[in-house]
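Worksheet for the structure shown next.
Fair warning: this is a prediction, and the values are worked out from it, not measured in the lab. Note that these values count all heavy atoms, side chains included, but never hydrogens, waters or copies made by symmetry.
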Amino acid sequence: MKAKIILETHPLLSDRTRLAIMAALITEKDALDFTYLCENLELSRGNLSSHIAKLESAGLVEVHKKFKDKKTLTTYSCTENGKKAIKNYFENIHELIAYKGK
């Protein structure tokens with residue numbers, strides 16, 4: 001059964017919010033800041049924080065903190081492992097859709 005290739009994807013990407021965060025990060029050249037992600041993904045601050053923490057602990061996302069105008073600016077970027085995981089996810093979905101019971 002071809003559907004089992006879904007089991008080969010990173011388990012954290014099965015959540016739609018984490019998948020959206022990863023998709024946002026992988027499609028941008030530069031790191032994205034916390035407020036941008038909250039607003040554009042329509043997530044609460046707590047919701048984004050908890051999902052980012054899971055992605056960071058799995059090594060998929062890197063967190064950067066710096067100061068800008070005496071305020072903390074937190075930005076996020078995809079790690080190489082994160083890029084591989086999201087690429088694998090989309091390749092597996094594509095393969096599953098293209099399979100059509102062959």
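- Checked against side chain to side chain donor-acceptor pair (under 3.5 Å), His10 has no partners two or more places apart in sequence or in another chain.
- When all heavy atoms of Thr9 and Asn88 are compared, the pair lying nearest together is CA-ND2, 3.8 Å.
- In this structure, OH in Tyr36 is found 8.0 Å from CG in Leu41, a value given to the nearest 0.5 Å.
- No side-chain donor-acceptor contact under 3.5 Å links His64 and Thr74.
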CA sep, side-chain torsions, deciding dist, call: Val63, Ile52, side chain to side chain contact (heavy atoms under 4.5 Å, CB included): CA-CA 9 Å; Val63 178; Ile52 287 287; 4.1 Å; yes

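- Taking hydrophobic clusters as Ile, Leu, Val, Met, Phe, Trp and Tyr residues chained together by side-chain heavy-atom distances below 4.5 Å, Ile21 shares a cluster with Phe90.
- Using a 4.5 Å heavy-atom cutoff, the side chains of Val61 and Met22 are in contact.
- For the atom pair CD (Glu42) and OG1 (Thr17), the distance works out to 11.5 Å, reported to the nearest 0.5 Å.
- Minimum heavy-atom separation, Leu13 to Ala85: CD1-O, 3.6 Å.
- The two residues Glu62 and Thr79 make their nearest non-hydrogen contact at N-CG2, 3.9 Å.
- Here the closest non-hydrogen pair linking Asn81 and Gly59 is CB-O, 3.7 Å.
- Taking both residues in full, the closest heavy atoms of Phe34 and Arg45 are given as CZ-O, 3.5 Å, listed atom of the first, atom of the second, then distance.
- Summarising the geometry, atom CG belonging to Leu25 is positioned 5.0 Å from atom SG belonging to Cys78; distances are rounded to the nearest 0.5 Å.
- Remark: the backbone N or O of Ala31 is not paired with any side-chain donor or acceptor of Thr75 at under 3.5 angstrom.
- Of all the heavy atoms in Ile26 and Lys83, the pair that sits closest is CD1-CA, 3.9 Å.
- At a threshold of 4.5 Å between side-chain heavy atoms, the hydrophobic network of Ile, Leu, Val, Met, Phe, Trp and Tyr places Phe67 and Tyr76 in two separate groups.
- Taking OG1 of Thr27 as the start and CG of Leu32 as the end, the distance is 7.5 Å to the nearest 0.5 Å.
- The distance from the CG atom of Leu48 to the SG atom of Cys38 is 4.5 Å, given to the nearest 0.5 Å.
- Residue Leu55 holds its CG atom at 6.5 Å from CZ of Arg18, rounded to the nearest 0.5 Å.
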